[in-house]
Amino acid sequence: MKLKTTLVAATAAVAVSAAAQGATLDDVKAKGFIQCGVSTGLAGFAFTDSNGNWDGFDVTFCRATAAAVLGDANAIKFTPTTGKTRFTALASGEIDVLYRNTTWTLSRDVDLKFDFLGVNYYDGQGFMIRKDMGVASATDLNDATVCIQTGTTTELNLADFFRANNMNYDPVPIETNAEAQQKYLANACDVYTTDASGLAATRATFENPGDHIVLPEIISKEPLGPLVRHGDNAWGDIVRWVMNALIIAEEKGITAANVDSMASASTKDPEVKRLLGVEGNYGEMLGLAPDWAIHAIKTGGNYGEIFEKYIGENTAIGLSRGLNQLWTKGGILYAPPFR
């Protein structure tokens, strides 16, 4: 009797797991679009243009996922989320994937029951001040007022940093980057702290960006990337491998302009053949068409093309590749083998 009960329970668990794993992918295909959670607005990463269309670094990864799954980069709807609302939106099923400069941590991965699917931007927390403060180091910020987004890892890192350096600070809580910018420029706080990429993006929107500096200290590790709900394995595999495909495409010199010719050419690189669906059944493994990666790459190009277009050194954001350079060029950006 005990054995029979155990077998029944195990079978039920497998059935529930299988249903959960296919739920989001089936739902996306049925409704014909992906619901992507993004920030409420961050220059370079997620913003709306003059026509109200979403664009940016994170947004392009969302669109590439839609292109891979549905063959249409515009088959997507965007939900702006704050630091407080993003996890509720994902857990409740309001969104299918969260691509919102969100840090991968143990508690978010395990306790909140989300699956982080890799890193699309390696970051760290910094501090921005007005140049006329005359401060050269974050260790000189004792008794400063600090604008800090609630519900974020930056809130905890800030407390740790000031405690470790025996300093005091007066927090000015804010919910969105726009609110932080408004209060900071209105002198409601001396310092704005968030991910260094976010500081660069915010500073780029100022009328006089040269009047503000980002201090040299980086006080944390902030691996940013997409996440889905626990148990959504089939859907998570797709989001993960779309991101990996864009990284591998840069490694292999595959661009938005040449991807079609690369797929039809007699390339001798077996990984390129597998990635572009010329050989193997990798699309079938994911529940996608053989040319899914071609659609993803044509959306905005490879990882490097997306980076340079939206946040690279030749943009107003002006970020260098740094850690986000390919592993073959001195960075730590690395995708598992496509085989």
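We count residues from 1, following the sequence as given.
Residues T48 and D55 form no side-chain contact, since every pair of their non-hydrogen atoms from C-beta on lies 4.5 Å or further apart. Using a 4.5 Å cut-off on side-chain heavy atoms (C-beta onward), I174 and I148 make no contact. M128 has its side chain out of reach of I213: every pair of non-hydrogen atoms, C-beta onward, lies at least 4.5 Å apart. V239 has its side chain out of reach of L227: every pair of non-hydrogen atoms, C-beta onward, lies at least 4.5 Å apart. At a threshold of 4.5 Å between non-hydrogen side-chain atoms, the residues W54 and P80 count as touching. Under the 4.5 Å side-chain criterion, counting only non-hydrogen atoms from C-beta, T205 is in contact with Q181. Between Y169 and V191, the closest side-chain pair of non-hydrogen atoms is not below 4.5 Å. E175 is listed as a side-chain neighbour of K84, based on a closest heavy-atom distance under 4.5 Å.
From L199, atom CG reaches atom CG of D123 across 8.5 Å, with rounding to the nearest 0.5 Å. Atom-to-atom distance recorded for E179:CD and Q149:CD is 9.0 Å, nearest 0.5 angstrom. One distance of note links CG of N166 with CZ of R163; it measures 10.5 Å at 0.5 Å rounding. Rounding to the nearest 0.5 angstrom, the gap separating the OG1 atom in T153 from the CH2 atom in W104 is 14.5 Å. The structure places CZ of F338 at 13.0 Å from CD1 of I247, a figure rounded to the nearest 0.5 Å. Here L246 contributes atom CG and Y303 contributes atom OH; the two are 10.0 Å apart, rounded to the nearest 0.5 Å.
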Should Q35 and T79 be marked as a side-chain hydrogen bond (donor to acceptor under 3.5 Å, both in side chains) after you check the CA-CA gap, both sets of side-chain angles, and the distance that decides it? CA-CA 7 Å; Q35 196 80 38; T79 299; 2.9 Å; yes

Report the C-alpha separation of Y310 and F45 in whole Å, then their side-chain angles, then the decisive distance to 0.1 Å, and conclude whether the ring pair (Phe, Tyr, Trp, His ring centres under 6.0 Å) test is met. CA-CA 7 Å; Y310 292 108; F45 286 87; 9.4 Å; no

T105 and T103: side-chain hydrogen bond (donor to acceptor under 3.5 Å, both in side chains), yes or no, with the steps? CA-CA 6 Å; T105 70; T103 302; over 6 Å; no

Before you tell me yes or no, could you show the steps for T85 and T82 under side-chain hydrogen bond (donor to acceptor under 3.5 Å, both in side chains), namely the whole-Å CA-CA distance, both residues' side-chain angles and the distance that decides it to 0.1 Å? CA-CA 5 Å; T85 65; T82 68; 3.2 Å; yes

For L276 and V259, what are the C-alpha separation, side-chain angles and deciding distance, and is it a side-chain contact (heavy atoms from CB on, under 4.5 Å)? CA-CA 8 Å; L276 302 183; V259 63; 3.9 Å; yes

Could you go through the side-chain contact (heavy atoms from CB on, under 4.5 Å) check for F78 and V59 one step at a time? CA-CA 9 Å; F78 294 96; V59 167; 3.6 Å; yes

For T202 and N177, run side-chain hydrogen bond (donor to acceptor under 3.5 Å, both in side chains): C-alpha distance rounded to whole Å, both residues' side-chain angles, the deciding distance at 0.1 Å, then the answer. CA-CA 8 Å; T202 302; N177 188 67; 3.0 Å; yes

T102 and L98: side-chain contact (heavy atoms from CB on, under 4.5 Å), yes or no, with the steps? CA-CA 8 Å; T102 298; L98 180 64; 3.7 Å; yes

Audit row: F61, N120, side-chain contact (heavy atoms from CB on, under 4.5 Å) steps and yes/no: CA-CA 9 Å; F61 280 91; N120 76 329; 3.7 Å; yes

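Heavy-atom neighbours of K77 NZ from other residues, nucleotides or ligands within 6.0 Å: at or below the threshold of 12. Other residues, nucleotides and ligands contribute more than 12 heavy atoms inside 6.0 Å of the NZ atom of K273. Surrounding CG of N314 are at most 12 heavy atoms belonging to other residues, nucleotides or ligands under 6.0 Å away. Residue K31 places its NZ atom among more than 12 non-hydrogen atoms of other residues, nucleotides or ligands, all under 6.0 Å distant. Counting non-hydrogen atoms of other residues, nucleotides and ligands closer than 6.0 Å to CD of E279 gives a total above 12.
The main-chain N or O of F161 is found under 3.5 Å from a side-chain atom of N165 such that the two form a donor-acceptor pair. Remark: the backbone N or O of G304 is not paired with any side-chain donor or acceptor of E308 at under 3.5 angstrom. Checking side-chain atoms of S220 against main-chain N and O of G124 turns up no donor-acceptor pair under 3.5 Å. With hydrogens and angles ignored, the 3.5 Å screen pairs no side-chain donor or acceptor of D195 with any backbone N or O of S197. No donor-acceptor distance shorter than 3.5 angstrom exists from the side chain of R86 to the backbone of T81, with no hydrogens or angles considered. Panel note: side chain D49, backbone N51; a donor-acceptor pair is recorded below 3.5 Å. Using a distance-only test at 3.5 Å, with no hydrogens or angles considered, a donor-acceptor pair links the side chain of N302 to the main chain of E305. In this structure, N258 contributes its side chain and G253 its backbone to a donor-acceptor pair below 3.5 Å. Between the side chain of T267 and the backbone N or O of A263, no donor-acceptor pair lies under 3.5 Å.
The two residues N142 and M167 make their nearest non-hydrogen contact at OD1-CA, 3.3 Å. Between A144 and D190, the shortest heavy-atom distance links the atoms CA-OD2, 3.5 Å. Nearest approach of P336 to I248, heavy atoms of both residues: O-CD1, 3.7 Å. Contact detail for L275 and A249: the closest heavy-atom pair is CD2-N, 4.3 Å. Nearest heavy-atom pair, L70 versus K29, reported as atom, atom and distance to 0.1 Å: CD2-CA, 4.2 Å. Residue F33 comes nearest to D96 through the heavy atom pair O-OD2, 4.3 Å, listed as atom of the first residue, atom of the second, then distance.
The pair K298-D260 meets the salt-bridge criterion, with a side-chain N (NZ, NE, NH1 or NH2) lying under 4.0 Å from an Asp/Glu carboxylate O. Look at E271 and R339 and you find no salt bridge, because none of the NZ, NE, NH1 or NH2 atoms lies under 4.0 Å from a carboxylate O.
Both tests do not hold together for R130 against Y192: distance to the six-membered ring centre under 6.0 Å, angle to the ring axis within 45°. Both the sub-6.0 Å distance and the 45° axial angle are not jointly satisfied by R108 relative to the ring of F116.
Remark: the E155 side chain and the T150 side chain contain no N/O donor-acceptor pair separated by less than 3.5 Å. For the residue pair T24/R229, the side-chain donor-acceptor check at 3.5 Å is satisfied.
Using bins of under 30°, 30° to 60° and over 60° for the plane-to-plane angle, the ring pair F57/F307 lands in the perpendicular bin. Between F162 and F127, the ring planes are perpendicular. Angles over 60° get that label, and only those under 30° would be called parallel.
The ring of H212 has its center closer than 6.0 angstrom to the ring center of F206.
For the side chain to side chain contact (heavy atoms under 4.5 Å, CB included) test, residues two or more places apart in sequence or in another chain that qualify with A188 are K183. The salt bridge (charged side-chain N to carboxylate O under 4.0 Å, His left out) check on E222 picks up nothing, with sequence neighbours excluded.
Residues L141 and I218 do not share a hydrophobic cluster, defined by chaining ILVMFWY side chains whose heavy atoms lie under 4.5 Å apart.
Counting side-chain heavy-atom gaps under 4.5 Å among Ile, Leu, Val, Met, Phe, Trp and Tyr, V172 is found in no cluster with other residues.
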